[in-house]
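First comes the structure, then the notes that go with it.
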Number of protein chains: 2
Amino acid sequence: MDVEIHIKMNEKLFVRNPEQTDLGKKIIKNSIELIQGGGFEAFTFKKLAEHIGTTEAGIYRYFENKHRLLIYITAWYWSYLQYRVVFETNNIDDPAAKLKKVIQLLTSTVLEDERVKHIDEKLLHEIIIAEGSKAYLTKHISEDNRDKLFKPYKDLCSVIAEFITASNPAYKFPHSLASTIIEAAHNQNFFMHHLPSLTDFATEKSEKNIALFIEEMVFNTIGSGH
Amino acid sequence: MDVEIHIKMNEKLFVRNPEQTDLGKKIIKNSIELIQGGGFEAFTFKKLAEHIGTTEAGIYRYFENKHRLLIYITAWYWSYLQYRVVFETNNIDDPAAKLKKVIQLLTSTVLEDERVKHIDEKLLHEIIIAEGSKAYLTKHISEDNRDKLFKPYKDLCSVIAEFITASNPAYKFPHSLASTIIEAAHNQNFFMHHLPSLTDFATEKSEKNIALFIEEMVFNTIGSGH
DNA sequence: CAAAAAAGATAGCTATACTATCATTGTTCA
DNA sequence: TGAACAATGATAGTATAGCTATCTTTTTTG
């Protein structure tokens, strides 16, 4: 099977659609590498342009500024993850099993996906962990939210909240629990590697332990066997 | 009673101790106001200097750069919160009651504390919610951590983890649960105000609901009655 | 009151975050 | 095939951010 998966992105995220040209795809690919490698603060359009072999002005034709680019790649990640969640939980009936699957997807490093050639999912996952919250922690969040830039995150949260409700219709905080486990999956990963005393995973730095911790928390919280 | 509480800060956090001079205290006070008002990205030493009526060079005599200043004020906040936690849980024997107290302190807006005149705790709390994680989400976290800049956060986490262990000595992830509830307290507050569909508090935007959500999560997770 | 510490005043330098303009190359479709 | 247009390249320029240096004036203190 030779499928290419393509995620349609909100038009407000870019000036010119990067998926439609060669340069555009290079911008995405290389910005992921540079942001992961040097951090978002040190990342500039000038460095990106030099790295690609184009000019600063060339990048600005695709993205208004580097923050929009960050929102773009995070939005892409959330859309992609939602796709994987829907795909992988399809045909599973037991809501608890669906939730387990979700937690596994949230906590585990993404494998290289052959279906998207210009995006390195592993690096992107690391960006989400270390820089993801910077996409929304700004003073212009209201405008960005009005433009629906965070819709993919919200949609993923909704899907997870539905699984929670399916597991226990009486549970009162499905959305808060969903957003909490999404954030915890990334926080605990970051802490495990950089501030290990904030976790219980210092000795065995494994993503499996994070999944175990979150699973136990979720199933005890909603009061469903696991 | 006329006590002044004074928190001794890690010397690596500053060039010259801001607590010891008038200008230093003005820098703290006004940077809290400016960061809260305009966000950390838009905050500059030049604006701060003009706001205070001093010069940019004057600020650099106290702080190496604006990021160190952010770490300073977040570290102060965590130390202050730990002080309050220790104070308010003193003489409580029931570990579950201690945990409830902690959750209340983590989720509620800080009251104006007369004992610290140059710090507006309410504004500081808002900074922690909106900018706090930017203090550690950097590429130089290892060096900063080696300099013990995040010790106050870790200490608070330890204290909470101890309450969790006291509640249920068999629970395996006290530190992870502690850091998760600290982060959740702030995330849920931020989401409630700015991305309400990520929470279940859209109709009644009250901090009490966040506390309720976290309490239920914690006590079900560690399996102790509440 | 002399010495030292702190603050003020000013200058300057490099990098970042953009915007503008014009030339070149590649594509398409009448 | 060639005119029109889209995409890219090349270059320049502006404002602000981030930081360092130096010298003078004021304030503190032993």
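Reminder, nothing fancy here: chain letters follow the sequence lines and each chain counts from 1.
- Atom CD of A:Gln20 is separated from atom C1' of C:dG26 by 17 Å (rounded to the nearest Å).
- B:Thr54 has a side-chain polar atom (N or O) that falls below the 4.0 Å cut-off from OP1 or OP2 of C:dG8.
- Summarising the geometry, the separation between CG on A:Leu23 and P on C:dT27 is reported as 14 Å, rounded to the nearest angstrom.
- Checked against A:Phe191 for a ring pair (Phe, Tyr, Trp, His ring centres under 6.0 Å), the options B:Tyr136, B:Phe173, B:Phe150 give a single hit: B:Tyr136.
- Regarding A:His67, its NE2 atom lies at a distance of 11 Å from the P atom of C:dC18, rounded to whole Å.
- A:Asp22 places its CG atom 8 Å from the P atom of D:dT8, with the value rounded to the nearest Å.
- For the OP1/OP2 pair of C:dA7 and a distance below 4.0 Å, the side-chain nitrogens and oxygens of B:Thr55 include no atom meeting the criterion.
- Going from atom CG of B:Leu48 over to atom P of C:dA7 covers 14 Å, rounded to whole Å.
- The pair B:Glu56-B:Lys46 does not meet the salt-bridge criterion, since no charged nitrogen lies less than 4.0 angstrom from a carboxylate oxygen.
- There is no side-chain donor-acceptor pair under 3.5 Å between B:Glu207 and B:Ser108.
- Taking atom NZ of residue A:Lys26 and atom P of nucleotide D:dA7, one finds them 16 Å apart after rounding to whole Å.
- By the 30° and 60° cut-offs, the orientation of the rings of B:His194 relative to B:Phe190 is tilted.
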Reading nucleotides 12-30 of chain D from the 5' end, what letters show protein touch, with B for base, S for backbone sugar-phosphate only, - for no heavy atom under 4.0 Å?
-> -----SBBBBB--------
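- Under 4.0 angstrom from either OP1 or OP2 of C:dA7 there lies at least one side-chain N or O belonging to B:Tyr62.
- Note that B:Lys66 lies outside the cation-pi zone of B:Phe45, set by a 6.0 Å cut-off to the ring centre and a 45° limit from the axis.
- A:Arg16 has a side-chain polar atom (N or O) that falls below the 4.0 Å cut-off from OP1 or OP2 of D:dT8.
- Tested against A:Tyr80 for a ring pair (Phe, Tyr, Trp, His ring centres under 6.0 Å), the candidates A:Trp78, A:Trp76, A:Tyr77 yield a single pass: A:Trp76.
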